[in-house]
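Each remark here refers to the structure printed beneath this line.
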There are 2 protein chains.
Amino acid sequence: MSKTDETAFETTRRVRDTCLCLHAQRAARKLARRFDDALRPVGLTSGQFSLLNSLNRPEPAGMGAVASLLGLDRTTLTAALKPLERRGLVQICVDPRDRRGRLMTLTPAGQALLTAATPLWASEHALLPGLLVEREVDSLRRDLLALS
Amino acid sequence: MSKTDETAFETTRRVRDTCLCLHAQRAARKLARRFDDALRPVGLTSGQFSLLNSLNRPEPAGMGAVASLLGLDRTTLTAALKPLERRGLVQICVDPRDRRGRLMTLTPAGQALLTAATPLWASEHALLPGLLVEREVDSLRRDLLALS
DNA sequence: ACTTTTTAGATTGATATCAACATGAATTAG
DNA sequence: CTAATTCATGTTGATATCAATCTAAAAAGT
């Protein structure tokens, strides 16, 4: 193996071990699977639970606000709503005060499902702190790793 | 508004503010977008960069090992390889010692692209520590939030 | 040797994700 | 009061993600 190759492999190892983006993706995937499992009894994915939850407010929410709350693209939100709308959990209507906008509301069925799902979320979430370690300089990365 | 509704909204707020899964998804999405932007000049997404990087090793890697390293499903890895294989960055062949297995190798083009991409990754990654705050009990969540 | 089980991946189908582009409504410039 | 601009969202196309199911190969049990 040439010296150049060794350097390349060394760089690769450094990227692999330090990249916060990779650590975050990995932790996010594993957490999603974990909560997907926990929420399977009520037929929701972790993402759908977060979405339903974010729609549970006194006043109907607009798409932009929810997309930004969840940190996802507006078009991703549009797509994510479709299965929920099909299942009658969410209702979407034109904002009468600005006809470009849409307002999303939980239906009673959506409310009920969210209520059923929340305890499942809570028990699963209660398990997580046990995975985390002490804190210091590189602790975010260690935490993301611990969750993986 | 009924007392019940208020309780429901309160619960929702608590879930939204504390859920580590949501925080992780959000941070992961934002980080992915950030690195997608940084790597656009070389035509790679953040995920493709991580994958190419994880394939850069002395010995060809098997799918199971790489999937587990990246924390993703084996079937997701199968799918993720296709665009890279089409572009001639990765080569996949049957493992002669176990004909169920596949061995993945970076092609010279893949090596070259990875070499070109790494400095882009490095400059972007160098910006992240500035987003992070001090550390203590709830620091993971704060960090995920800070990255969002 | 032969059957059973386990293991490695691939395929399919549903959903998630975003970029690029398109549409239509409100706002602003002139 | 029209024309240009900005804004909120939708559509399309590519890729990502995983569960469920399938196939084929290796390993284990008899």
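Below, chain A is the first sequence line, B the second, and so on; all start at residue 1.
Of all nucleotides listed (C:dA19, D:dT11, C:dA25), D:dT11 comes nearest to the side chain of A:T78. Side-chain proximity of A:R40 to the nucleotides D:dG10, D:dA19, C:dT17 is greatest for D:dA19. For A:R33, the side-chain atoms get nearest to D:dC18 when compared with the rest of C:dA25, C:dA19, D:dC18. Considering only the side chain of B:P83, D:dA16 comes nearest among C:dA20, D:dA16, D:dC18. The nucleotide whose nearest atom lies closest to any side-chain atom of A:D37 is, among C:dA10, D:dA19, C:dA19, D:dA19. For B:Q48, the side-chain atoms get nearest to D:dT15 when compared with the rest of C:dG9, C:dT11, D:dT15. Of all nucleotides listed (D:dT17, C:dA16, D:dC7), D:dC7 comes nearest to the side chain of A:R100. Checked against D:dA19, D:dC18, C:dA25, the side chain of A:D98 finds its nearest nucleotide in C:dA25. Taking the side chain of B:R74 as heavy atoms from C-beta on, and the options D:dA25, C:dA19, C:dA8, the nearest nucleotide is C:dA8.
What separates CD of B:Q25 from P of C:dC18 is a distance of 11 Å, to the nearest Å. Rounded to whole Å, the distance from CG on A:L70 to C1' on C:dT17 is 13 Å. One atom, CG of B:L22, and another, P of C:dA16, lie 14 Å apart when rounded to the nearest Å. Rounded to a whole Å, the CZ atom of A:R26 is 18 Å from the P atom of D:dA16. The CG-P distance, from A:L72 to C:dA19, rounds to 12 Å in whole Å. Between the CG atom of B:D95 and the P atom of C:dA10 there is a distance of 13 Å, rounded to whole Å. Whole-Å rounding puts the A:D73 CG to D:dG10 P distance at 12 Å. The nearest whole Å value for the distance from the CD1 atom in B:I92 to the C1' atom in C:dA8 is 14 Å.
Between A:R29 and D:dT17, a side-chain N or O to OP1/OP2 separation shorter than 4.0 Å is present. OP1 or OP2 of D:dC18 sits under 4.0 Å from a side-chain N or O of B:T76.
Nucleic acid contact for B:A80: sugar-phosphate only, since backbone atoms but no base atoms lie under 4.0 Å from a heavy atom of the residue. Residue A:G47 is out of contact with every strand shown, counting any heavy-atom pair closer than 4.0 Å. Across all strands shown, B:G101 has heavy atoms under 4.0 Å from sugar-phosphate atoms exclusively, and none from any base.
Between A:T45 and A:D36, the side chains place no donor N or O within less than 3.5 Å of an acceptor N or O (distance only, hydrogens not considered).
Partner B:L81 forms a side-chain contact (heavy atoms from CB on, under 4.5 Å) with one of B:M63, B:R86, B:R102 and no other, that one being B:M63. When each of B:L84, B:V90, B:L89 is paired with B:L106, the side-chain contact (heavy atoms from CB on, under 4.5 Å) condition holds for B:V90 and for no other.
Around atom CD of A:Q91, no more than 12 heavy atoms belonging to other residues, nucleotides or ligands sit under 6.0 Å away. Counting heavy-atom neighbours within 6.0 Å of A:R16 CZ, excluding the residue itself, gives a total above 12.
Looking at which nucleotide of DNA chain D each of A:R102 and A:D36 is closest to, the 5′-most match is held by A:R102. Between B:R86 and A:K82, it is A:K82 whose nearest contact on DNA chain D lies nearer the 5' terminus.
Relative ring orientation between A:H125 and A:F35 is described as tilted, the plane-to-plane angle lying within the 30° to 60° band.
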